[in-house]
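These notes are about the structure you will find just below.
In what follows, chains carry the letters A, B, and so on, assigned in the order in which the sequence lines appear, proteins first and then strands, with residues in each chain numbered from 1. Keep in mind it's a predicted model, so treat the numbers as computed, not measured.
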Amino acid sequence: MGNPILGEQSAARARISPFYSSQAWIEGRAEDQLAQVAAWPGMAAVAGFPDLHPGRFGPVGAAFLADRIWPQLVGPDIGCGMALWRLDLPRHRLKIDKAVRRLAVLDRGADPDEAASAWAAAGLEGVIGAEGLGSIGGGNHFCELQAVEEAVPEATTLRPGDLCLLVHSGSRGRGAQIFEGLDVSWKQGYAADSAAGQRYLALHDAAMAWARLNRALIAGLAAEALSCAASLICDTVHNQVVARDGLWLHRKGAAGADRGLVPLAGSRDAPSYLMSVTDSVPEALGSVSHGAGRRYDRASMHGRVRKTKSDLAALTRNRFGGRVVCEDRDLLMEEAGPAYKNPEAVMRDLSDLGLARPIARLVPLITFKSAGKAIAGEAE
DNA sequence: ATGTCC
């Protein structure tokens, strides 16, 4: 800024507002990416959250306000989000082994006819198809049964001993297809009023609706498997672009802070939080963390996890007496607890910086990814 | 991220 040589570059770069403390686990590479994106044309403001980590097209755990639309700042999983549901099944009535077996039906996904008619109600069949609705997918996606351990009674109806479902999924192949099918001009960003920009927005909005319905169908399948009802507490998207202040706000691994409640996913071996959030800090761009954030990338987790039979078996249990259902050996290692930052530290930073306060703490009892043939065959 | 790439 005061530097006569770098002065011009600094002037061209958008302001970056970091929302994390000096103790936060933030890779230098993630901050480098943040600075690079801040220098893209038309960038007005950038916010980084304590779950910030490097991503393929830009950092994850950040929000970007620009005069144009940058599809790579949303990424392939358009509309990906976290939905939290309360179950009318108390923890003391839960039999974990039985629940694990019953949840294997999630592998099959939603009934295609039911999915198609639910999607038809949205009126978007002409834009993208219903195929695949009601499926969790891979990567960091999951359907997790959680128990409320602590709650602020004045702020939530959740009480210790209640069970919840946290569903993390997105637009699956639909979003990926939209992203890969984009015209090359997206590399300079789209003007919102251009034909390409309008087309992207229409597809983006359809993918958002698809992803939201996908999460609802997954929760419905899980509740049915557990013979109980699920009621929605909140559903928050963290990969999206929305109009804000006459500009375009991109959220990449950052949830909207304008809907009151946001889940902060921990990991399969650490608690999650339900947060009360406010859009009162302008530099945060109406956004907040959606999870603990990756500490180690997928590739390096293979070297960090021991691969003996007993070590791998240990990865299917957690410190809360819970279970991990994941037939995919690679994913079992890549998504192990140590792959994620400490959610408590992320929560503390958000709280200290005035972006959110915890109103419930939830521990993972069953983290479901995929059952595979072995367990699916056991299911009654 | 991907009815995923060898």
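Taken from CD in A:Gln240 to CG in A:Asp77, the straight-line distance is 12.5 Å, to the nearest 0.5 Å.
Grouped by direct or indirect side-chain proximity (heavy atoms under 4.5 Å, Ile/Leu/Val/Met/Phe/Trp/Tyr only), A:Val237 sits with A:Met208.
Across all strands, A:Arg56 comes closer than 4.0 Å to base atoms (heavy-atom distances). Contacts of A:Gly173 with the nucleic acid, taken as non-hydrogen atoms under 4.0 Å apart, involve only primed sugar atoms and P, OP1 or OP2.
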Would you tabulate the side-chain donor-acceptor contacts of residues 285-295 of chain A under 3.5 Å, counting partners in other chains and residues two or more places apart, or write 'none'?
{"unit_1": "A:Ser287", "atom_1": "OG", "unit_2": "A:Arg251", "atom_2": "NE", "d": "2.8"}
{"unit_1": "A:Ser287", "atom_1": "OG", "unit_2": "A:Leu285", "atom_2": "O", "d": "2.9"}
{"unit_1": "A:Ser289", "atom_1": "OG", "unit_2": "A:Asp51", "atom_2": "OD1", "d": "2.7"}
{"unit_1": "A:His290", "atom_1": "ND1", "unit_2": "A:Gly253", "atom_2": "O", "d": "2.9"}
{"unit_1": "A:Arg294", "atom_1": "NH1", "unit_2": "A:Tyr296", "atom_2": "O", "d": "2.6"}
{"unit_1": "A:Arg294", "atom_1": "NH1", "unit_2": "A:Glu334", "atom_2": "O", "d": "3.3"}
{"unit_1": "A:Arg294", "atom_1": "NH2", "unit_2": "A:Glu334", "atom_2": "O", "d": "2.7"}
{"unit_1": "A:Arg294", "atom_1": "NH2", "unit_2": "A:Glu335", "atom_2": "OE2", "d": "2.6"}

Indicate every side-chain donor-acceptor pair of residues 223-233 of chain A with a distance under 3.5 Å to a residue at least two apart or in another chain.
{"unit_1": "A:Ser227", "atom_1": "OG", "unit_2": "A:Arg102", "atom_2": "NH1", "d": "3.1"}

List the atom pairs, donor and acceptor, that lie under 3.5 Å between side-chain atoms in residues 150-160 of chain A and the rest of the protein, sequence neighbours left out.
{"unit_1": "A:Glu150", "atom_1": "OE1", "unit_2": "A:Arg361", "atom_2": "NE", "d": "3.2"}
{"unit_1": "A:Glu150", "atom_1": "OE1", "unit_2": "A:Arg361", "atom_2": "NH2", "d": "2.9"}
{"unit_1": "A:Thr156", "atom_1": "OG1", "unit_2": "A:Leu158", "atom_2": "N", "d": "2.9"}
{"unit_1": "A:Thr157", "atom_1": "OG1", "unit_2": "A:Arg86", "atom_2": "NH1", "d": "3.3"}
{"unit_1": "A:Arg159", "atom_1": "NH1", "unit_2": "A:Thr156", "atom_2": "O", "d": "2.8"}

Mind listing the side-chain donor-acceptor pairs of residues 33-43 of chain A below 3.5 Å, one per line with the distance, residues two or more places apart or on another chain?
{"unit_1": "A:Gln33", "atom_1": "OE1", "unit_2": "A:Gly55", "atom_2": "N", "d": "3.0"}
{"unit_1": "A:Gln33", "atom_1": "NE2", "unit_2": "A:Gly55", "atom_2": "O", "d": "2.8"}

Donor-acceptor pairs under 3.5 Å, side chain of residues 116-132 of chain A to any protein atom, not counting sequence neighbours: which ones?
{"unit_1": "A:Ser117", "atom_1": "OG", "unit_2": "A:Asp113", "atom_2": "O", "d": "3.3"}
{"unit_1": "A:Ser117", "atom_1": "OG", "unit_2": "A:Glu114", "atom_2": "O", "d": "3.1"}
{"unit_1": "A:Trp119", "atom_1": "NE1", "unit_2": "A:Ile128", "atom_2": "O", "d": "2.8"}

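Taking every nucleotide of DNA chain B with any atom under 4.0 Å from a non-hydrogen atom of chain A, the first and last of them, 5' to 3', are B:dA1 to B:dG3.
Partners of A:Phe368 under the ring pair (Phe, Tyr, Trp, His ring centres under 6.0 Å) rule, at least two apart in sequence or in another chain, do not exist in this structure.
Contacts with DNA chain B (heavy atom under 4.0 Å) in residues 134-146 of chain A: A:Gly137, A:Gly138, A:Gly139, A:Asn140, A:His141, listed by number.
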